[in-house]
Amino acid sequence: MVNSSVEELKKRIEELEIENSKLKSQITQEQALPVEKAVAGDFLSLDEYKRYGRQMIVPQITKSGQRKIKESKILVIGAGGLGCPALMYLVGAGIGEVGIVDDDVVDISNLHRQVLHSTERVGEFKAESAKKYLVKLNPHVKIKTYPFRLSTTNAFNIFEKYDLVLDCTDSPHSRYLISDVAVISRIPVISGSGLKTEGQLTVLNFENIGPCYRCFYPKPPPPNSVTSCKDGGVIGPIIGLMGVMMAIETLKVITGTYTKENFKPFLSMYSGYDQQSFKTFKMRGRKLDCISCNYTLTREFIENGGINYSEFCGVVTYDVLNKDERITIEQYEKLRNSDHVLLDVRPKEHFEIVSFPGAINIPLDRLRRIEDVNQLGIDISKPIYTICRYGNDSQYASRYLNDHLKLSTKDVIGGLNRWSTKIDSEFPSY
Ligand SMILES: Nc1ncnc2c1ncn2[C@@H]1O[C@H](COP(=O)(O)OP(=O)(O)OP(=O)(O)O)[C@@H](O)[C@H]1O
């Protein structure tokens, strides 16, 4: 009796497993199936009528707007904090073709804001991971991935396949490149950014009359002055909101809400922790002396390496110390129990997340304002080592301490990040 019920159970489990695998293959086939054809004489299928009905009845979209959405081809550069939400809504809205450029892979630190990716896809190319989500969201949209870096040599060939670009990147050199190529290729750019609790949004090169990124920022910011999300942090929904707003601006451009006549250049700023959260500023139109907008820059010039965008933006490597002013993480491990001062120069918020026992926190910006060695509040007769997260700020700290306060400090190469990768895997990295 007991045996037979065990046998029955085993049989049932087998049956269930077969059913389960049939269901799984069915799902895969469904995904691989061509999407339902358009209704005869129409551009939408029955599925699409249902899918887009709620937006087509909005007067700002209408059925003719839906046709424009379906006929449009957009390129999203960066499938990160801005790109993910923008992609979600634009694919949901039924854009005809979407290209996704991103050379990076999904990291666990991305997941609090890069909502197309998931824990199981850590290590996969972001462009591919995003596609996996998006094809399920809307199989009517054709999605092409470019899992490599946008560069001077490939940008024009990619841009020419699209009508509009969303700049969802995170560095000035990518922004200048995208803007220059878009102006020469005569396509508009929806540009967003976000850091900590704030974000910005604008539409560039609209109808080849609106200003470009260079018109807004003729000169790049001082070298290494732009804080990334990695260093400055960002609240997920803040950057998410900016990405969503980029999707709205995209729809406005595609469906013709903006026209040559009514478009006014603008810059919207959002401050999520202020009561006056949104501010929109009128911006000037194109600048006559803008080398991009007056077409001094050409495709040939850029493709042949005429501009080194990294150099132009002053992306410099942080080699500010001599070899004898630095120690490796392995050397520091040996010194760990010796009598010394460890100056942690990260911002206070970083220090509060994790720090070495006994370390003294003087953030770099505060340190640079100290004029007298006695104000440091440390025992300067002991050996002094400086440390930070990746080993950049600690170099600047030691440079300052050694040059201005006449100390002989050394920085720890690679900082806390290297400590957790090379020495102690249990030491939290963030
Ligand atoms: N020139 C470029 N070509 C392709 N992708 C780019 C380019 N510049 C930036 N990106 C991509 O844009 C995305 C920007 O995402 P986000 O600002 O959320 O930061 P992140 O680099 O993913 O994360 P973090 O700064 O925390 O390390 C990244 O995925 C990055 O790889």
Side-chain angles (χ1 to χ4, degrees), residues 74-88 98-118 121-131 133-134 144-159 162 165-182 189-201 213 220 224 226-246 302-303 307-313 315 349-350 353 389-390 392 417 429-430:
I74 64 156
L75 183 67
V76 176
I77 304 162
L82 292 165
C84 285
L87 278 161
M88 266 179 165
V98 173
I100 309 171
V101 190
D102 201 313
D103 60 320
D104 196 10
V105 295
V106 179
D107 185 85
I108 194 143
S109 64
N110 300 147
L111 297 180
H112 77 115
R113 67 186 191 281
Q114 303 187 13
V115 287
L116 292 178
H117 313 304
S118 59
R121 294 213 284 271
V122 166
E124 284 186 30
F125 277 114
K126 288 184 183 175
E128 304 298 349
S129 163
K131 182 175 177 176
Y133 182 102
L134 297 168
K144 175 141 180 59
T145 54
Y146 303 90
F148 45 80
R149 200 147 185 86
L150 187 86
S151 67
T152 48
T153 47
N154 62 27
F156 285 97
N157 286 336
I158 301 176
F159 276 40
Y162 298 92
V165 170
L166 280 87
D167 182 350
C168 300
T169 65
D170 53 354
S171 58
H173 55 281
S174 293
R175 292 188 183 282
Y176 279 106
L177 169 67
I178 291 168
S179 177
D180 288 348
V181 176
V189 180
I190 312 295
S191 176
S193 64
L195 187 71
K196 296 176 196 263
T197 60
E198 293 176 354
Q200 292 190 4
L201 171 83
Y213 191 71
N224 300 311
V226 175
T227 312
S228 66
C229 292
K230 199 174 189 174
D231 295 328
V234 66
I235 295 182
I238 299 274
I239 193 97
L241 184 59
M242 302 325 293
V244 172
M245 288 174 65
M246 289 174 81
I302 292 175
E303 283 188 331
I307 304 180
N308 181 329
Y309 284 88
S310 303
E311 242 170 49
F312 170 64
C313 292
V315 178
E349 297 77 13
H350 291 234
I353 292 175
R389 194 166 162 208
Y390 297 109
N392 298 329
N417 191 263
S429 79
Y430 60 95

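Just so you know, ligand 1 is whichever comes first in the structure, and atom 1 is the first atom listed for that ligand.
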Asker: Is a side-chain N or O of H173 found less than 3.5 angstrom from the main chain of N308, in a donor-acceptor match?
Answerer: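 Judged by distance alone, no pair lies under 3.5 Å.
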Asker: Could a heavy atom of R113 be found less than 4.0 Å from some atom of ligand 1?
Answerer: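 Yes, R113 has heavy atoms under 4.0 Å from ligand 1.
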Asker: Just by modelled atom types, is the A79 backbone N or O under 3.5 Å from a matching donor or acceptor in the H117 side chain?
Answerer: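 A pair under 3.5 Å: yes.
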Asker: Any heavy atom of C168 closer to ligand 1 than 4.0 angstrom?
Answerer: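 The answer is yes, since C168 has a heavy atom less than 4.0 Å from ligand 1.
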Asker: How far is atom 8 (N) of ligand 1 from its nearest protein heavy atom, and which residue and atom is that?
Answerer: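 That would be S174 OG, 3.1 Å.
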Asker: So which protein heavy atom does atom 7 (C) of ligand 1 come closest to, and at what separation?
Answerer: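 Going by distance alone, atom 7 (C) of ligand 1 is nearest to R149 NH1, 3.4 Å.
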Asker: Has R121 got a side-chain atom pairing as donor or acceptor with E128's backbone, closer than 3.5 angstrom?
Answerer: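 Not at all, since once roles are kept as given, no pair shorter than 3.5 Å links the two residues.
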Asker: Please list the nearest protein heavy atom to atom 21 (O) of ligand 1 with its residue and the distance rounded to 0.1 Å.
Answerer: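 Checked against all protein heavy atoms, atom 21 (O) of ligand 1 sits closest to D170 OD2, 3.1 Å.
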Asker: Considering only heavy atoms from C-beta outward, does the side chain of L134 approach that of L116 to under 4.5 Å?
Answerer: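 A side-chain contact exists here, since the closest heavy-atom pair is under 4.5 Å.
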Asker: Does D102 have any salt bridge (Lys or Arg N to Asp or Glu O under 4.0 Å) partners at least two apart in sequence or in another chain, and if so, which?
Answerer: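 For D102 there are no salt bridge (Lys or Arg N to Asp or Glu O under 4.0 Å) partners, ignoring immediate neighbours.
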Asker: Could you identify the single nearest non-hydrogen protein atom to atom 15 (O) of ligand 1 and state the distance to 0.1 Å?
Answerer: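 Atom 15 (O) of ligand 1 sits closest to the protein heavy atom G80 CA, 3.5 Å.
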Asker: What atoms in ligand 1 come closer than 4.0 Å to a heavy atom of G81?
Answerer: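 Under 4.0 Å from G81, ligand 1 has these atoms: 15 (O), 16 (P), 18 (O).
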Asker: Taking ring pair (Phe, Tyr, Trp, His ring centres under 6.0 Å) as the definition, give me every residue that meets it alongside F159, ordered by chain and number, with sequence neighbours left out.
Answerer: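 Checked F159 against ring pair (Phe, Tyr, Trp, His ring centres under 6.0 Å); zero matches.
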Asker: Hydrogens and angles aside, do D167 and Y213 bring a side-chain donor and acceptor to less than 3.5 Å of each other?
Answerer: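 No, no side-chain donor-acceptor contact under 3.5 Å.
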Asker: Which of the numbered atoms in ligand 1 are below 4.0 angstrom from a heavy atom of L150?
Answerer: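 By the 4.0 Å cutoff, the relevant atoms are 1 (N), 2 (C), 3 (N), 4 (C).
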Asker: Can you name the atoms of ligand 1, numbered from 1 with element, that are less than 4.0 Å from a heavy atom of N110?
Answerer: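 Heavy-atom distances to N110 below 4.0 Å select 22 (O), 23 (O).
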Asker: Heavy atom under 4.0 Å from ligand 1: found in S171's side chain, backbone, both, or neither?
Answerer: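 For S171, there is no contact with ligand 1 at all, from either part.
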Asker: Report the distance from atom CG of L82 to atom CD of Q114, rounding to the nearest 0.5 Å.
Answerer: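 It is 9.0 Å, given to the nearest 0.5 Å.
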Asker: Tell me: protein heavy atom nearest atom 31 (O) of ligand 1, and distance?
Answerer: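 Checked against all protein heavy atoms, atom 31 (O) of ligand 1 sits closest to D102 OD1, 2.8 Å.
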Asker: Using a heavy-atom cut-off of under 4.0 Å, does the side chain or the backbone of S228 touch ligand 1, or both, or neither?
Answerer: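 Looking at S228 and ligand 1, no heavy atom falls under 4.0 Å.
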Asker: I need the atoms of ligand 1 closer than 4.0 Å to a non-hydrogen atom of K126, numbered in the order shown.
Answerer: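 It comes down to these atoms of ligand 1: 20 (P), 22 (O), 28 (C), 29 (O).
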Asker: Please report which non-hydrogen protein atom sits nearest to atom 12 (O) of ligand 1, along with the residue it belongs to and the distance in Å to one decimal place.
Answerer: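 Ranking protein heavy atoms by distance from atom 12 (O) of ligand 1, first comes G78 CA, 3.4 Å.
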Asker: Given 3.5 Å as the limit, does a donor-acceptor pair link the side chain of R175 with the main chain of S191, or not?
Answerer: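 No, because the side chain of R175 does not come within donor-acceptor range (under 3.5 Å) of the backbone of S191.
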Asker: Could you tell me the residue and atom name of the protein heavy atom closest to atom 25 (O) of ligand 1, and the distance to it rounded to 0.1 Å?
Answerer: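 Result for atom 25 (O) of ligand 1: K230 N, 3.4 Å.
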Asker: Give a yes or no on whether the backbone of G240 and the side-chain of R113 come within a donor-acceptor separation of less than 3.5 Å.
Answerer: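 Here the side-chain-to-backbone pair does not exist.
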